[in-house]
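Presented below is the structure to which this report refers.
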Protein chains: 2
Amino acid sequence: MERETSYKTRKVISIGTVSELTGLSERQIRYYEERKLVFPERSERGSRKYSFLDVETLIDIANKREEGVRTEEIRSELKRKKKKDDQASRTKMIQGQLNAQFGIRKK
Amino acid sequence: MERETSYKTRKVISIGTVSELTGLSERQIRYYEERKLVFPERSERGSRKYSFLDVETLIDIANKREEGVRTEEIRSELKRKKKKDDQASRTKMIQGQLNAQFGIRKK
DNA sequence: CGTGTAAGGAATTCTGACACG
DNA sequence: CGTGTAAGGAATTCTGACACG
């Protein structure tokens, strides 16, 4: 069951556009990758590709950084949030499977 | 009331990526713009930027072309579809305004 | 630690044109 | 009509490094 990647998480935006969208320099964006805060994919020829979700994450990072939060601290916060989101998504997926099998009505 | 452009319609994808996503050559993509089938925006320095919706439109175009449909014909079909969509969107917006003003409950 | 910058190269994108038809 | 291609230039992106601190 191939889930088509959504508009929000599909990695198609190049770093220059991400820079415009976030107000961050390309240097900063690459550095946050080095510090494991964001995980762009690479195109065939090696250029970084980001999703809208990545852009939002980067905006969050920019805000935290302005408050003086260190990248290491931001990284652990993001990890916590990710874990939570993953759980929510797993729950939702299981719910979907139940609906599919037993035809539970929603709405 | 500034509507934040959605992930689907925000124009952020460059032509190389669109080419990968659609299987069309850059030449073809530019040509379809010349024939008014798609309307990319331009970045500050002039490179074309497409939305996910544009990508879907281009895939539709590719399918039609494979059937031998001429670009001019595709253009008028797209115009018809666009008119319909615009009407649906206008209806929805008015509905939203009504809800906002009179607090009509949905769900 | 976080970010700027100069460096050199490789890949991207653009436009206008010629080609075939 | 629809698409390929070679052409030349301008802008993009990449990496590794030095700098400040």
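Sequence lines set the chain letters: A, B, ... in the order given, protein chains first and strands last, and positions in each chain run from 1.
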Verify the contact: side-chain N or O of A:Arg65 to OP1 or OP2 of C:dT3, cut-off strictly under 4.0 Å; return yes or no.
yes

Rounded to whole angstrom units, what separation is found between the CD1 atom of B:Ile74 and the C1' atom of D:dG2?
11 Å

Nearest-neighbour nucleotide for the B:Gln28 side chain, D:dT12, D:dG4, C:dT13 considered:
D:dG4

Separation of D:dG4 C1' from B:Leu24 CG (nearest whole Å):
14 Å

Within less than 4.0 Å of OP1 or OP2 of C:dT13, is there a side-chain N or O belonging to B:Arg45?
no

Among C:dT3, D:dT3, D:dT13, find the nucleotide with the atom closest to the side chain of B:Tyr31.
D:dT3

Check for a donor-acceptor pair, side chain of A:Thr17 on one end and backbone N or O of A:Ile13 on the other, with a separation under 3.5 Å.
no

Check every strand shown and say whether A:Glu26 touches a base, only sugar-phosphate, or nothing at a heavy-atom separation below 4.0 Å.
sugar-phosphate

Taking A:Ser6 for the side chain and A:Lys8 for the main chain, is one N or O donor matched with an acceptor at less than 3.5 Å?
yes

For A:Glu44 and C:dA10, what is the distance between atoms CD and C1' respectively, to the nearest whole Å?
15 Å

Here's a test of your reading of the structure: between A:Glu72 and B:Ser14, which maps to the more 5' nucleotide of DNA chain C?
A:Glu72

Could you tell me whether B:Lys49 atom NZ has more than 12 heavy atoms of other residues or ligands within 6.0 Å of it?
yes

Quick one: A:Lys11 NZ to D:dT13 P, roughly how many Å, whole number?
16 Å

Report yes or no: does A:Ser47 contribute a side-chain atom to a donor-acceptor pair with the main-chain N or O of A:Ser43 at less than 3.5 Å?
no

Does D:dC14 have OP1 or OP2 under 4.0 Å away from a side-chain N or O of A:Arg30?
yes

How would you label the contact of B:Arg27 with the nucleic acid (heavy atoms, under 4.0 Å): base, sugar-phosphate, or nothing?
base

Could you please name the option among D:dC14, D:dT13, C:dC14 that lies closest to any side-chain atom of A:Arg42?
D:dC14

If pairing requires Watson-Crick or G-U wobble contacts with both distances under 3.5 Å, which nucleotide is the partner of C:dT15?
D:dA7

Using atom CD of A:Glu34 as one end and atom P of D:dA17 as the other, report the distance to the nearest whole Å.
12 Å

Go nucleotide by nucleotide along DNA chain D from the 5' end; which of B:Arg70 and A:Gly46 gets its closest nucleotide reached first?
B:Arg70

Should A:Tyr31 and A:Arg35 be marked as a side chain to side chain donor-acceptor pair (under 3.5 Å) after you check the CA-CA gap, both sets of side-chain angles, and the distance that decides it?
CA-CA 6 Å; A:Tyr31 181 68; A:Arg35 303 319 310 275; 3.2 Å; yes

Is a donor on one side and an acceptor on the other found under 3.5 Å between the side chain of B:Gln28 and the backbone of B:Ser25?
yes

Among C:dG4, D:dT13, C:dC14, which nucleotide sits nearest the side chain of A:Ser47?
D:dT13

Pairing nucleotide - D:dC20, Watson-Crick or G-U, each distance under 3.5 Å:
C:dG2

How many whole angstroms separate atom CD of B:Glu41 from atom P of C:dT13?
17 Å

A:Arg48 side-chain N/O to D:dC14 phosphate OP1/OP2 under 4.0 Å
yes

Taking atom P of C:dG4 as reference, at what distance in whole Å does atom CD1 of A:Ile29 sit?
10 Å

Send over the distance from A:Lys49 NZ to D:dT12 C1', rounded to a whole Å.
10 Å

Closest to the B:Thr71 side chain: D:dT3, D:dT13, D:dG2?
D:dG2

Which of these nucleotides, D:dC14, C:dC14, C:dT3, is closest to any side-chain atom of A:Tyr32?
C:dT3

